[in-house]
A.B. asks: 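Here it is, the structure, as structure tokens.
Letters A, B, ... mirror the listed sequences (proteins, then strands); counts begin at 1.
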Amino acid sequence: MRWSKLFIPTLREVPAEAEVASHRLLLRAGYVRQLSAGIYSYLYLAQRSLNKIQAIVREEMDAIGAQEMYLPALNPAEVWQESGRWDVMGDNMFRLKDRWQRDYCLGMTHEEVMTAIARGELRSYKQLPQIWYQIQTKFRDEPRPKSGLLRVRQFIMKDSYSFDVDQAGLDVSYQKHYDAYCRIFTRCGLKFAIVEAHSGSMGGSQSHEFMVASDAGEDIIVLGEQSGYAANLEKAVSKPVPPAVPDPEGDLAPEEFHTPGKKSIDDVSAFDGMPATSHIKSLVLMADGKPVLALLRGDHQLSETKFSSAVGCGEFRPAHPAEIQDLMGAEAGSLGPVGVTKMRVIADLALQGRKNMVAGANKDDYHLKNVTPGEDFTCEFADLRQVAAGDTDVNTGEPLQLVKSLEAGHIFKLGYKYSDTMGLRVTDEHGKELTPIMGSYGIGIERILCASIELYHDADGIMMPAAIAPFTVVITPVNSNDAAQKAMAEKLYEEAKAAGLDALLDDRDERPGVKFKDADLVGIPFRVTVGKKLSEGLLEFNIRRTKEKKDIAVDDAIAAVKSALASS
RNA sequence: CGGGGCGUGGCUCAGCCUGGCUAGAGCGCCUGGUUCGGGACCAGGAGGUCGGAGGUUCGAAUCCUCUCGCCCCGACCA
């Protein structure tokens, strides 16, 4: 391609609305333009990059025997009502009506449609396993689109779905995806971690996320270097730091003491001289409308995902002050488990075996000391605590790392949720009805693009891996008035194309500084500069990523690019 | 949905508090010339219903009310 003919609207100045690096650079380098909140147009450069990413995804999916399909983005309400997700998805789903006032939605994902196809057509166990996939636009009415292309309302997703006769078959399909995903992210040049994940409202048993470390990410992952432990914070477990002081000995009875105006754990702790680790934090939560008292060690945080799975509830929220007063007879600052009978009491595992701790007295401005779980109050125990910095690995005892990351891929063992509710049945080898077991596997295509920019950029611009960069090499004649340079650049460009390289000729009538700056900003991995040393038969070869530059003979140029590409 | 911020040529912003000539700057764009190895210089030029509606006023980019949009923090996030 000839740069002079292309639409690559680079910006010298940083657009005001861009915060994260990938967003800023995608705008500045002329890859994308925003149309509305969370809705972007992908211009020529972005489209080239995304095409390369999709080609890699396609190759690797095809390699595991997955079959690509193209499915409707516009879905009738019926299929979503059958699976029950018409209601579950709430405001996150774009909904619309046709001229007859029938309900439709824009697909957020395609379990329903895929299952609908499967149940109409799959008849026999002999047709299984199947892996079907699509690379298509998904729509989600995000409450808060942000960070450029990282959280948007319309985006491209590769999603695949597996149908197997049994759990063992699902395990195989799952593993195939796991391996394919590793190859995909590796080929796209990303450094990534694979973590155990919470399966969320997708249901299902097992789930892994493919995460790229980045401050622009929205998740935190927990990593143990030696143990290889890797989990999303939502689900991670750890050994907490031990209590700062041992519990008082003896079978002591709870004893009330006055704590005027002391509301938070920190307040009470400073007042009674006992560390936060000796206090019990009491939280009243309304889970599906019913009150639950959650207990944690004073220095610990409640994990919302762990709480809702422990309680088995859908939605929950902190109780309102009036509700707390009504249920507990005291304000939020003086709550405790002793004497609570009207609701479920669930204590975090870190409280198991502790004794003589401090808790609220359920009487304003009073606390109790010598409170012992199991003795002074009864409760269930469950893992409720969010892993915190300083925690150690359950097995090896090594310190765990908490790393901010962005999710680029996610694989789920769905189980029977959709096949069951939507009535997908085939005949088994004995002629009886069999419900196939499903898996679902997603990759955010734009997230690969963003992640690679987040990972690889500098003050000058993008340094994307060559495998997914919009062009591989740019040929830059320094002086467009120099006939010899111009001719040589043209020649090199033709040779590069003939050699199968994705080449760009910067034939613009611009000063060299502009061309160099643009090439760096856009992130073209290699540059061949045709300049004043041409008279000596030399060109300059630059590598964007390493800033390496060297003179090469005219005849070696194409080979140099190819070898640099091969080793990139 | 709660909190905060911002809407002025294509981009970045000034002007607004304290209302007053014809609304400015830099970058970008167009024309001509000089230049040509890291976002050149000179000269000339085009381009703005100041997000929108209503109000106050002799007079509104500026003050008031409403509204729309965008960004950030939080909540949310198969």
A.B. asks: Let's test your reading of the model: under 3.5 Å, does the base of B:G37 pair with the side chain of A:Asn479 as donor and acceptor?
C.D. replies: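 Side chain to base: no pair present.
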
A.B. asks: Tell which nucleotide pairs with B:G2, taking only Watson-Crick or G-U wobble pairs whose two distances are both under 3.5 angstrom.
C.D. replies: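 Per the H-bond distance test, B:C73.
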
A.B. asks: Does this structure show an ion pair linking A:Lys138 with A:Asp159, if we count only N-O contacts that are shorter than 4.0 Å?
C.D. replies: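 Looking at A:Asp159 together with A:Lys138, the answer is yes, because their closest N to O distance falls below 4.0 Å.
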
A.B. asks: Classify the nucleic acid contact of A:Pro143 as base, sugar-phosphate or nothing, counting any heavy atom under 4.0 Å across all strands shown.
C.D. replies: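 Base contact - A:Pro143 has a heavy atom under 4.0 Å of at least one base atom.
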
A.B. asks: Using a heavy-atom cut-off of 4.0 Å across all strands, would you classify A:Arg33 as base, sugar-phosphate, or nothing?
C.D. replies: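 Here A:Arg33 touches no strand at all.
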
A.B. asks: Whole Å only: how far is the CG atom of A:Asn92 from the P atom of B:C76?
C.D. replies: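 To the nearest whole Å, that distance equals 12 Å.
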
A.B. asks: Would you call A:Arg317 and A:Glu323 a salt bridge, taking side-chain N to carboxylate O under 4.0 Å as the test?
C.D. replies: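 Counted as a salt bridge, because a side-chain N and a carboxylate O are separated by less than 4.0 Å.
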
A.B. asks: Could you tell me how far B:G54 sits from B:A60 if I compare only their C1' atoms? Round to whole Å.
C.D. replies: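 That atom pair is separated by 13 Å.
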
A.B. asks: With a 4.0 Å cut-off, would you call A:Arg58 and A:Glu68 a salt bridge?
C.D. replies: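 So A:Arg58 pairs with A:Glu68 through a salt bridge.
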
A.B. asks: Work out how far the C1' atom of B:G7 is from that of B:G45, and round it to whole angstrom.
C.D. replies: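 To the nearest whole Å, 29 Å.
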
A.B. asks: Counting the atoms with a prime plus P, OP1 and OP2 as sugar-phosphate, which does A:Arg317 contact under 4.0 Å by heavy atoms, base, sugar-phosphate, or nothing?
C.D. replies: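 Nothing, no nucleic acid heavy atom in range.
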
A.B. asks: Which part of the nucleic acid, if any, lies within reach of A:Ser36 when heavy atoms closer than 4.0 Å are counted: base, sugar-phosphate only, or nothing?
C.D. replies: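 Result for A:Ser36 = sugar-phosphate.
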
A.B. asks: Quantified in whole Å, what is the C1' atom distance between nucleotide B:C29 and nucleotide B:C11?
C.D. replies: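 12 Å, rounded to whole Å.
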
A.B. asks: Could you tell me how far apart A:Glu304 (CD) and B:C77 (P) are, to the nearest whole angstrom?
C.D. replies: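 After rounding, the reported distance stands at 9 Å.
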
A.B. asks: Start at the 5' end of RNA chain B and walk down; is the nucleotide closest to A:Tyr40 or to A:Lys533 reached first?
C.D. replies: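 Its nucleotide being nearer the 5' end, the pick is A:Lys533.
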
A.B. asks: In whole angstroms, how far is the P atom of B:C1 from the CD atom of A:Glu142?
C.D. replies: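 My rounded result for the distance is 16 Å.
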
A.B. asks: Which nucleotide, B:G37, B:C72, B:G39, lies nearest any side-chain atom of A:Glu540?
C.D. replies: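 Comparing B:G37, B:C72, B:G39 against the side chain of A:Glu540, the answer is B:G37.
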
A.B. asks: Do the side chains of A:Lys417 and A:Glu111 get close enough for a salt bridge, i.e. N-O under 4.0 angstrom?
C.D. replies: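 Looking at A:Glu111 together with A:Lys417, the answer is no, because their closest N to O distance does not fall below 4.0 Å.
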
A.B. asks: Considering only atom C1', compute the distance from B:G47 to B:G2 and round it to an integer number of Å.
C.D. replies: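 B:G47 and B:G2 have their C1' atoms separated by 41 Å.
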
A.B. asks: Mind checking who B:A25 pairs with, Watson-Crick or G-U wobble, both distances under 3.5 Å?
C.D. replies: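 For B:A25, the partner nucleotide comes out as B:U12, under the 3.5 Å rule.
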
A.B. asks: Using only heavy-atom distances, decide whether a donor-acceptor pair under 3.5 angstrom links the side-chain of A:Arg12 to the base of B:U12.
C.D. replies: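 No, the side chain and the base share no sub-3.5 Å donor-acceptor pair.
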
A.B. asks: Who is the Watson-Crick or G-U wobble partner of B:U65, with both distances under 3.5 Å?
C.D. replies: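 Pairing partner, where one exists within any strand: B:A53.
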
A.B. asks: Once you apply a heavy-atom cut-off of 4.0 Å, does A:Met93 come out as touching a base, just sugar-phosphate, or nothing?
C.D. replies: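 The residue A:Met93 makes no contact with any strand.
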
A.B. asks: Quick one: is A:Arg144 getting a side-chain N or O under 4.0 Å of the B:C76 phosphate, OP1 or OP2?
C.D. replies: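 For B:C76, OP1/OP2 do not have a side-chain N/O of A:Arg144 under 4.0 Å.
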
A.B. asks: Quick one: A:Asp520 CG to B:G39 P, roughly how many Å, whole number?
C.D. replies: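 Nearest whole value for this atom pair: 12 Å.
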
A.B. asks: Looking at B:G39, B:U35, B:C77, which one has an atom nearest to any side-chain atom of A:Val514?
C.D. replies: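 Nearest to the side-chain atoms of A:Val514, counting from C-beta on, is B:G39.
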
A.B. asks: Using the P atom as the point on both nucleotides, what is the distance between B:G26 and B:U67, in whole Å?
C.D. replies: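 To the nearest whole Å, 39 Å.
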
A.B. asks: Considering every strand and a 4.0 Å limit on heavy-atom distances, what is the contact class for A:Thr305: base, sugar-phosphate, or nothing?
C.D. replies: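 No contact.
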
A.B. asks: Are A:Arg85 and A:Tyr418 linked by a side-chain donor-acceptor pair shorter than 3.5 Å?
C.D. replies: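 Note: A:Arg85 and A:Tyr418 side chains meet the donor-acceptor criterion.
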
A.B. asks: Taking the side chain of A:Phe516 as its heavy atoms from C-beta onward, which of B:G39, B:C77, B:G37 lies nearest to it?
C.D. replies: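 Closest nucleotide among those given: B:G37.
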
A.B. asks: Between the side-chain atoms of A:Glu510 and the base atoms of B:G39, is any donor-acceptor pair under 3.5 Å?
C.D. replies: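 Looking at the base of B:G39, it does not pair with any donor or acceptor on the side chain of A:Glu510 (distance under 3.5 Å).
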
A.B. asks: How many whole angstroms separate atom CG of A:Asp509 from atom P of B:U34?
C.D. replies: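 Between P of B:U34 and CG of A:Asp509: 13 Å.
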
A.B. asks: Take the protein atom CD of A:Glu17 and the nucleotide atom P of B:C73, then report the distance between them rounded to whole Å.
C.D. replies: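 Rounded to the whole Å, the gap is 14 Å.
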
A.B. asks: Between A:Phe316 and A:Lys146, which has a closest nucleotide on RNA chain B that is more 5'?
C.D. replies: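 With A:Phe316 and A:Lys146 compared, the 5'-side residue is A:Lys146.
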
A.B. asks: Under 3.5 Å, is there any donor-acceptor pair linking the side chain of A:Asp460 to the base of B:G38?
C.D. replies: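 Counting by modelled atom types and ignoring angles, no donor-acceptor contact under 3.5 Å is found here.
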
A.B. asks: Compute the ring centroids of A:Tyr40 and A:His23, then answer whether they are less than 6.0 Å apart.
C.D. replies: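 That pair passes the under 6.0 Å test.
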
A.B. asks: Taking the P atom of each, how far is B:C72 from B:C58, in whole Å?
C.D. replies: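 Taking atom P in both B:C72 and B:C58, they lie 44 Å apart.
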
A.B. asks: Give the rounded distance in Å between these two atoms: CD of A:Gln34 and P of B:G69.
C.D. replies: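 Distance check: A:Gln34 CD to B:G69 P gives 13 Å.
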
A.B. asks: Taking N and O atoms by type only, does the side chain of A:Glu13 place a donor or acceptor under 3.5 Å from a partner on the base of B:G26?
C.D. replies: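 Such a pair exists between side chain and base.
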
A.B. asks: If you measure from the P atom in B:A43 to the same atom in B:G28, how many Å do you get, rounded?
C.D. replies: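 Their P atoms lie roughly 15 Å apart.
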
A.B. asks: Flag the pair A:Arg2 and A:Glu490 as a salt bridge only when some basic side-chain nitrogen lies within less than 4.0 angstrom of an acidic carboxylate oxygen.
C.D. replies: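 So A:Arg2 pairs with A:Glu490 through a salt bridge.
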
A.B. asks: Mind checking who B:U31 pairs with, Watson-Crick or G-U wobble, both distances under 3.5 Å?
C.D. replies: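 B:U31 is paired, partner B:A43.
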
A.B. asks: Would A:Arg153 pass as a cation-pi partner of A:Phe94, given that its NZ or CZ must be under 6.0 Å from the six-membered ring centre and within 45 degrees of the axis?
C.D. replies: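 Geometry flag: not set, cation outside 6.0 Å or 45°.
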
A.B. asks: In this structure, how many angstroms lie between the P atom of B:A75 and the CG atom of A:Leu285, rounded?
C.D. replies: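 So the CG-P distance, A:Leu285 to B:A75, works out to 15 Å.
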
A.B. asks: When you compare B:C21 with B:C66, how far apart are their P atoms, in angstrom units rounded to a whole number?
C.D. replies: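 After rounding to an integer number of Å, I get 28 Å for this pair.
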
